[in-house]
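It should be emphasised that the depicted structure is a prediction, and the values quoted were computed from it without experimental measurement. Both counts, for ligands and for their atoms, begin at 1 and track the order of listing.
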Amino acid sequence: MKTPYYFYDLDLLERTLKILRSEAKNKHVHYAIKANTDKRICRMISNYGFGADCVSGNEILHALRCGFHPSKIVFAGVGKTNEEIEIGLKHNIACFNIESAEEVQVINRLAKQMNRVANVAIRVNPNISAETHEYITTGTHENKFGISCEHLMGVIHLIEDSKCIKLTGLHFHIGSQILNMDNFKDLAQKLNIILSELYNEGIEIEHINVGGGLGINYDNPIDEPIPDFQSYFEVFNQHLNNSLFKYLHFELGRSIVGQCGELHTKVLFVKQGVVKQFAIVDAGMTDLLRPALYQAQHRIVKKNPSGEKKYRYDIVGPICESSDVFGNDYPLEKLKRGEELVIKSAGAYGEVMVSEYNLRAKPNVYYREARSSLEFAIDQQYIMN
Ligand SMILES: *Cc1c(COP(=O)(O)O)cnc(C)c1O
């Protein structure tokens, strides 16, 4: 198979979805489609009954084409254009997560023109810092997302005065790749305070959406291929006061698809530098941007490990940028030209960020089938015979 290519393990995805569905119980999970828009992956997730979390008009259209029901589609994003808002209104999506007072006015005006009433949730910035990379924390005052608690009442009054908008919920999302459950506990406790203050003002909120952000194990994907959804949901069961709302929503992206994807690449050259040894591979930041974008580290293994002595290599791509690095002093058995390497945990924020910089071709995609679909194929064959 021609490298570089993405390889998706649909069987692992299916096992992940089964566990997620059984752990989520009566909670509503919307898949954050921006993490991976592969059609087979999206279809499988919608087949499991999950909703979709979209951040653009095209994502809404993609979600609809992949079988997500409009009543389970939510639409977030700080910068929605008129056209994108109209797509949401036209398809009667479940909810717009609004991020500014001006957005309330624009959605109200467009909804009026189209004779609709838009359901909205206010994205609140709870001023909680998640212990993750600064580029993927979203819930503090210093970033562009959401409405601060100080401005919340003002926006609620604005919505009450807007005839074509109905306030149905509050929305939160504090960041991504969060592994310390205390961050989610902080969020739950902050939420209790906000909700009881609103209750005292006579405002009842039906839907709470706590966003996504549950991290995956990048260091050891082989031992932990499926995230600990149980502990994650348990934090909210324990710490969120559920007498203050009716429905609890989640928007998980990375934790659903992250471990089911790999990027396969071949060694082009092994080059001895002055102090380091480089392995130059045929995948680059154009195929997987995360290391260059936020210093992310993925596990790298040989496709056919020999079990021999390990050497230290800087694993670098062919792109004309110094940040095009997948690993520094990375221990791997002796490499030679043509050797295939596997970059693990590349299912989320991988293929979706592919670019054609340097006029590179986009990587191919291959799949391991899910067991259920194999059984289905065997059944079909049996029937045909
Ligand atoms: C990106 C995003 C998510 C998903 O984040 P993950 O870390 O992939 O779970 C959820 N909600 C919103 C609003 C987002 O922007």
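Those atoms of ligand 1 that come under 4.0 Å of a heavy atom in A32, given as number and element, are 3 (C), 4 (C). Short contacts between ligand 1 and Y349, defined as distances under 4.0 Å to a heavy atom of the residue, involve ligand atoms 1 (C), 4 (C), 5 (O), 6 (P), 8 (O).
Of the protein's non-hydrogen atoms, the one nearest atom 11 (N) of ligand 1 is E251 OE1, 2.6 Å.
F75 carries K80 over the face of its six-membered ring, with the cationic atom under 6.0 Å from the centre and within 45° of the normal.
Both L89 and I122 belong to a common hydrophobic cluster when Ile, Leu, Val, Met, Phe, Trp and Tyr are linked at side-chain heavy-atom distances under 4.5 angstrom.
Taking a 6.0 Å sphere around CD of Q297, one finds it holds 12 or fewer heavy atoms contributed by other residues, nucleotides or ligands. Environment of NZ in K271: sparse, with no more than 12 heavy atoms of neighbouring residues, nucleotides or ligands closer than 6.0 Å. Remark: E102 CD is loosely packed, at most 12 non-hydrogen atoms of other residues, nucleotides or ligands lying under 6.0 Å away. Other residues, nucleotides and ligands contribute over 12 non-hydrogen atoms within 6.0 Å of the NE2 atom of H28.
The pair K266-D282 does not count as a salt bridge, with every side-chain nitrogen at least 4.0 angstrom from each carboxylate oxygen. Salt bridge status for E339 with K302: present, with a side-chain N to carboxylate O gap under 4.0 Å.
Comparing heavy-atom distances from atom 14 (C) of ligand 1 across K34, R254, R123 singles out K34 as nearest. Between the choices G213, G77, G146, the shortest heavy-atom distance to atom 9 (O) of ligand 1 belongs to G213.
At a heavy-atom cutoff of 4.0 Å, ligand 1 is contacted by the side chain of H173 but not by its backbone. In D53, the part holding a heavy atom less than 4.0 Å from any atom of ligand 1 is the side chain.
Ligand 1 has a nitrogen or oxygen under 3.5 angstrom from a nitrogen or oxygen of G253. Considering backbone and side-chain N/O atoms, S255 never comes within less than 3.5 Å of an N/O atom of ligand 1. Checked by distance only, ligand 1 and S176 come closer than 3.5 Å through their nitrogen or oxygen atoms.
In this structure, F145 does not count as a contact residue of ligand 1, since none of its heavy atoms falls inside 4.0 Å of the ligand.
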